[in-house]
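Below is one structure; the comments refer to it alone.
Index from 1, following the sequence.
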Amino acid sequence: MTRVDPRSLTVLVTGATAGFGAAIARRFAAEGAKVVATGRRKDRLDALKKELGASCHAAALDVTDRKAVEAFPGSLPAAFAAVSVVVANAGLALGLEPAPEADLDDWDAMVAANVSGLLYTVRAFLPGLVARDEGHVVLLGSVAGDFPYPGGNCYGATKAFVKQFALNLRADLLGSSVRVTSVEPGLAETEFSLVRFHGDAQKAKEPYRGVEPLTPEDVAETVFWACTLPRRVNVNRVQVMPVMQAFGGFAFKRR
Ligand code: NDP
Ligand code: 8X3
């Protein structure tokens, strides 16, 4: 079985300043790939660049800034310009209120990053991947895109979009060698909950109470696996959950 040699890859990661993105950047760099690490927090990017050394190019990028994302591929140093793996990971959940009480600003922010930002990212790099007739687009979806839960309203809907966009990309890219994978994790401990609860550390601990969640490294391993399978193989969707998580049944309001 001829796997893809990670040393041949240049991997763009959005949201590499924390959680999955940072772990994905580290995983690929450890195997000899070149990594383009992006996110908004410059201090985190500087630290990652220092840690990973010459194999890493780090640059601040807000994925909701359409013009900046469109210009980004053209701004890369020559050694990092031939991006072959695009990991559209940047995203967030904000709030867990039922829809009638949800903050519309939170909904706007989730759509801006999880939907529009992901579209801008993929669209900016796709022509290069197709022209080189190689590469891989990895989109970070979520089990929340399949399984509804109270308070998941807009967040889950953005992740359903991600899943369907991944599948539709596959339809468009048939005939090229570009692969597309939707990676859909369940509960994982990162800064995700701290962001969701607007910095309330006490509330942010609650989802993980008494549960062994996925780690960022578990998700990085999944991404690395999909990207290094032989080039003939396309993993369309991969859903990973902690063993300590499963599905609920239908809910009823009984009289
Ligand atoms: P974290 O909060 O730990 O990391 C999120 C990353 O996204 C940060 O690096 C953040 O960087 C970046 N980000 C957010 N908004 C923007 C933006 N506008 N522009 C650029 N970067 C941005 O969360 P996770 O690592 O857990 O989440 C990563 C992805 O995985 C998200 O799409 C999330 O929805 C998804 N996911 C998470 C799960 C979980 O349980 N943790 C489960 C399933 C999916 P910065 O703030 O520096 O810009
Ligand atoms: C994150 C997982 O279950 O908190 O996408 O929505 S969940």
Side-chain angles (χ1 to χ4, degrees), residues 4 6-65 68-69 71-73 75-77 79-92 113-114 117-126 128-129 134-142 162 166 169 178-185 188 190-192 195 214-228 235 238 240:
V4 170
R7 291 169 302 180
S8 70
L9 301 175
T10 300
V11 184
L12 168 93
V13 186
T14 64
T17 56
F20 301 164
I24 292 164
R26 289 190 177 103
R27 183 73 180 90
F28 278 96
E31 300 294 337
K34 286 192 269 189
V35 172
V36 179
T38 67
R40 291 167 302 181
R41 284 169 289 180
K42 181 85 172 57
D43 54 334
R44 299 273 189 107
L45 291 170
D46 291 345
L48 190 63
K49 161 78 191 143
K50 202 169 167 193
E51 177 189 330
L52 300 184
S55 63
C56 176
H57 172 72
L61 181 68
D62 180 339
V63 295
T64 68
D65 182 341
V69 178
F72 192 73
S75 76
L76 291 172
F80 292 87
V83 168
S84 47
V85 177
V86 175
V87 185
N89 159 79
L92 75 173
N114 303 359
L118 177 134
L119 291 175
Y120 302 156
T121 304
V122 171
R123 184 62 183 78
F125 284 94
L126 261 189
L129 301 183
E134 62 158 22
H136 203 139
V137 177
V138 178
L139 307 183
L140 258 293
S142 166
V162 171
L169 274 177
V178 180
R179 307 192 284 185
V180 185
T181 302
S182 168
V183 175
E184 302 161 16
T190 61
E191 294 177 12
F192 177 84
V195 172
L214 297 176
T215 67
E217 290 72 28
D218 295 330
V219 175
E221 192 58 35
T222 307
V223 173
F224 185 79
W225 166 75
C227 290
T228 51
V235 179
V238 54
V240 281

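V235 has its side chain within reach of W225: a pair of non-hydrogen atoms, C-beta onward, lies under 4.5 Å apart. The side-chain heavy atoms of T121 and L12, taken from C-beta on, include a pair separated by under 4.5 Å. Residues V36 and T10 form a side-chain contact, since some pair of their non-hydrogen atoms from C-beta on lies under 4.5 Å apart. D218 places none of its side-chain heavy atoms less than 4.5 Å from the side chain of V240. Under the 4.5 Å side-chain criterion, counting only non-hydrogen atoms from C-beta, T38 is in contact with F72.
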Please step through side chain to side chain contact (heavy atoms under 4.5 Å, CB included) for the pair V69 and L61, ending with a clear verdict.
-> CA-CA 7 Å; V69 178; L61 181 68; 4.1 Å; yes
Before giving the answer on side chain to side chain contact (heavy atoms under 4.5 Å, CB included), spell out for F20 and V87 the whole-Å C-alpha distance, their side-chain angles and the decisive distance to 0.1 Å.
-> CA-CA 10 Å; F20 301 164; V87 185; over 6 Å; no
Would you check, one step at a time, whether the test salt bridge (charged side-chain N to carboxylate O under 4.0 Å, His left out) holds for R26 with E51?
-> CA-CA 9 Å; R26 289 190 177 103; E51 177 189 330; 2.6 Å; yes
Report the C-alpha distance between L140 and V219 in whole Å, list the side-chain angles of each, state the deciding distance to 0.1 Å, and finish with yes or no for side chain to side chain contact (heavy atoms under 4.5 Å, CB included).
-> CA-CA 10 Å; L140 258 293; V219 175; 4.3 Å; yes
Where do D46 and K50 land on the salt bridge (charged side-chain N to carboxylate O under 4.0 Å, His left out) test, with the steps shown first?
-> CA-CA 6 Å; D46 291 345; K50 202 169 167 193; over 6 Å; no
Step-by-step side chain to side chain contact (heavy atoms under 4.5 Å, CB included) determination, L169 to L126 | CA-CA 10 Å; L169 274 177; L126 261 189; 3.8 Å; yes
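Every residue meeting the side chain to side chain donor-acceptor pair (under 3.5 Å) condition with T181, not counting sequence neighbours, appears here in chain and number order: H136.
Nearest heavy atoms, A37 versus A16: CB-CB, 3.8 Å. Minimum interatomic distance between P185 and L214 (heavy atoms only, all atoms of both residues): CB-CD1, 4.1 Å. Across A33 and V11, no two heavy atoms sit closer than the pair CB-CG2, 4.2 Å. Closest non-hydrogen pair, V63 versus Y120, comes out as O-CD1, 3.2 Å. Heavy atoms only, all atoms of each residue included: A54 and K49 are closest at CA-NZ, 4.1 Å. Minimum heavy-atom separation, L52 to A25: CD1-O, 4.1 Å.
Under a 3.5 Å cut-off, the side chain of S142 and the backbone N or O of E184 do not form any donor-acceptor pair. Counting only distance, with no hydrogens or angles, the side chain of R179 and the backbone of C227 share a donor-acceptor pair below 3.5 Å. A distance-only check finds no donor-acceptor pair linking the side chain of S55 to the backbone of A29 [under 3.5 Å].
Rounding to the nearest 0.5 Å places OG1 of T14 at 10.5 Å from CG of D62. The CZ atom of R40 lies 7.0 Å from the OG1 atom of T64; values are rounded to the nearest 0.5 Å. The distance from atom CG of L129 to atom CD of E134, rounded to the nearest 0.5 Å, is 8.0 Å.
Between E217 and R27 there is no salt bridge, since no side-chain N of the basic residue sits under 4.0 Å from a carboxylate O of the acidic one.
Atom CZ of R123 has 12 or fewer neighbouring heavy atoms from other residues, nucleotides or ligands inside a 6.0 Å radius.
Aromatic ring pairs are classed by plane angle as parallel below 30°, tilted from 30° to 60° and perpendicular above 60°; the pair F80 and H57 is tilted.
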